[in-house]
Protein chains: 2
Amino acid sequence: MARVGLTTEGLIRAGAETADEIGFERTTPTELARRFGVKTASLYSHVKNAHDLKTGIALFALEELADRASEAVAGRAGKDALIAFANVYRDYALEHPGRFAATRFPLDAEAAASGAGVRHAQMSRAILRGYHLAEPHQTHAVRLLGSVFSGYVGLETAGGFSHSAPGSQESWTEILNALDALLRTWPTSS
Amino acid sequence: MARVGLTTEGLIRAGAETADEIGFERTTPTELARRFGVKTASLYSHVKNAHDLKTGIALFALEELADRASEAVAGRAGKDALIAFANVYRDYALEHPGRFAATRFPLDAEAAASGAGVRHAQMSRAILRGYHLAEPHQTHAVRLLGSVFSGYVGLETAGGFSHSAPGSQESWTEILNALDALLRTWPTSS
DNA sequence: TGGGCTTTCCTAACATGATTAGGCAACCTG
DNA sequence: CAGGTTGCCTAATCATGTTAGGAAAGCCCA
């Protein structure tokens with residue numbers, strides 16, 4: 001019985017790759033065991049259960065995405081930063097659909113409090129710095145940006161824009177222009 | 001063996017209610033059979049399989065949502081219509097979380113082509129009529145609206161806004177104001 | 001180098017869910 | 001009320017998730 005060298009970290013990494021290949025839904029302990037050439041029960045020394053595994057993949061993806069975003073935003077401001085941030089988000093989803101799906105896995109409170117969520121919020125705020133929005137407007141704008149990115153990419157990856165003209169790239173570009181314009185003229189009274 | 005009177009329609013309705021109670025994920029043939037006091041195998045005369053059942057619930061929810069939206073939008077225009085439409089969407093999600101989750105179930109091409117998707121698109125365009133946007137800008141704007149509503153409500157129901165001030169209602173109101181302003185001044189050149 | 005400890009993976013077993021095939025009884029139709 | 005249809009059941013199979021306990025592989029130290 002040659003040992004394969006399972007680790008929690010290795011399972012999560014393999015889980016992320018598996019999710020991109022066959023979908024996050026189908027990334028199960030059984031499937032990972034198959035890929036490692038190991039019995040399913042053997043995974044249970046390294047992950048608590050299936051839910052725990054998925055949470056791990058979700059946190060891994062969130063961190064990876066935050067890494068990319070923070071690199072893209074560094075040294076940019078205003079519209080440049082907005083576009084760079086948005087594109088990181090969208091490109092990640094198109095390149096890694098399974099990991100992107102993982103970022104939407106509902107996290108319990110403790111998991112959600114862990115690093116990644118906070119990093120994403122901080123970056124949104126950093127981008128908005130260039131638009132000089134006072135609170136509470138800044139928070140509302142952060143929520144709008146999160147909604148647009150999450151919503152657009154979610155609809156796009158679900159195939160929502162693929163059967164009609166114009167192409168998705170055009171809409172994306174124009175929407176980012178529109179968001180930039182909106183942030184520069186954000187209405188501060190109802 | 002008293003007959004319970006299972007029907008496809010009845011199963012889908014019960015499925016929608018079950019989804020709101022215990023979540024769309026957990027709305028399975030087995031669970032529905034339990035609720036009808038029937039053996040699981042008995043459902044298979046009425047639905048093809050679990051996936052088919054979920055697709056049915058998704059289409060049911062999409063139609064129900066389109067009904068509400070079309071009623072809300074009737075007789076309104078411009079900002080009024082925008083706000084009414086947006087609130088129908090959000091209220092539906094808060095009131096019927098399971099059905100809302102169902103609307104995000106990935107549909108295969110044939111199911112997606114069926115009525116509901118078309119109705120939603122038509123309503124978005126009807127709302128934008130009041131803003132006088134020419135193509136292709138109108139399509140881009142339709143996609144933006146869909147993204148914002150879907151994204152915001154998705155994040156909200158996932159608990160994204162519940163642990164920070166200000167409250168979600170305030171953000172929602174301000175975001176709708178901002179969208180209205182954006183649509184009135186939509187930038188038509190890059 | 002070899003004995004013992006720890007860790008890793010395995011076997012065995014069970015629960016739950018999805019699904020199919022075939023049977024009997026309840027309802028409708030005439 | 002006889003006959004056919006339909007609805008629900010029994011029985012069986014297969015996949016996945018999960019737990020408990022065993023055996024052996026690798027590491028530590030004499």
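Below, read A as the first sequence line, B as the second, and so on, with proteins coming before strands; counting in each chain starts at 1. Just so you know, these numbers use all the heavy atoms, side chains as well, and skip hydrogens, waters and symmetry mates.
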For Leu6(B) and dC8(D), what is the distance between atoms CG and P respectively, to the nearest whole Å?
-> 4 Å
Is the Tyr92(A) to His96(A) ring centre distance short of 6.0 Å?
-> yes
May I ask you to say what Arg26(B) touches in the nucleic acid, namely base, sugar-phosphate or nothing, with a heavy-atom cut-off under 4.0 Å?
-> nothing
Output yes when at least one side-chain N/O atom of Thr28(A) is less than 4.0 Å from OP1 or OP2 of dG17(D), else no.
-> yes
Side-chain donor-acceptor pair under 3.5 Å between Trp172(A) and Glu156(A), yes or no?
-> no
Assign Ala41(B) to base, sugar-phosphate, or nothing according to its heavy-atom contacts below 4.0 angstrom with the strands shown.
-> base
Nearest to the side chain of Ser42(B) - dT20(C), dC9(D), dT18(D)?
-> dC9(D)
Calculate the interatomic distance between Leu43(A) atom CG and dT7(C) atom C1'; express it in whole Å.
-> 16 Å
With the side chain of Arg3(A) defined as its heavy atoms from C-beta on, choose the nearest nucleotide among dG26(D), dA25(C), dT19(C).
-> dG26(D)
Are OP1 or OP2 of dC8(D) and a side-chain N or O of His46(B) less than 4.0 angstrom apart?
-> yes
Any side-chain donor-acceptor pair under 3.5 Å between Arg143(A) and Gln138(A)?
-> no
Winner on side-chain proximity to Pro29(A), out of dT7(C), dG17(D), dA18(C), is dG17(D)
Roughly how many Å is it from NE2 in His51(B) to P in dA15(D), rounded to a whole number?
-> 20 Å
Between dG17(D), dT8(C), dT19(C), which nucleotide has the shortest distance from any of its atoms to the side chain of Tyr44(B)?
-> dT19(C)
To the nearest Å, give me how far apart CD1 (Ile22(A)) and C1' (dA15(D)) are.
-> 14 Å
Could you state the CZ-C1' distance from Arg35(B) to dC8(D), rounded to the nearest angstrom?
-> 20 Å
Rounded to the nearest Å, what distance is computed from the CD atom of residue Glu31(B) to the P atom of nucleotide dA15(C)?
-> 19 Å
Is any side-chain nitrogen or oxygen of Arg34(A) closer than 4.0 Å to OP1 or OP2 of dA15(D)?
-> no
Between His51(B) and Phe105(B), ring centroids under 6.0 Å | yes
Report the distance from atom NZ of Lys39(A) to atom P of dT11(C), rounded to the nearest whole Å.
-> 6 Å
Could you tell me if the ring centre of Phe100(A) sits under 6.0 Å from that of Phe24(A)?
-> no
Please report, rounded to the nearest Å, how far the C1' atom of dG17(C) is from the NZ atom of Lys54(B).
-> 12 Å
Is the distance from OP1 or OP2 of dT8(C) to the nearest side-chain N or O of Ser45(A) less than 4.0 Å?
-> no
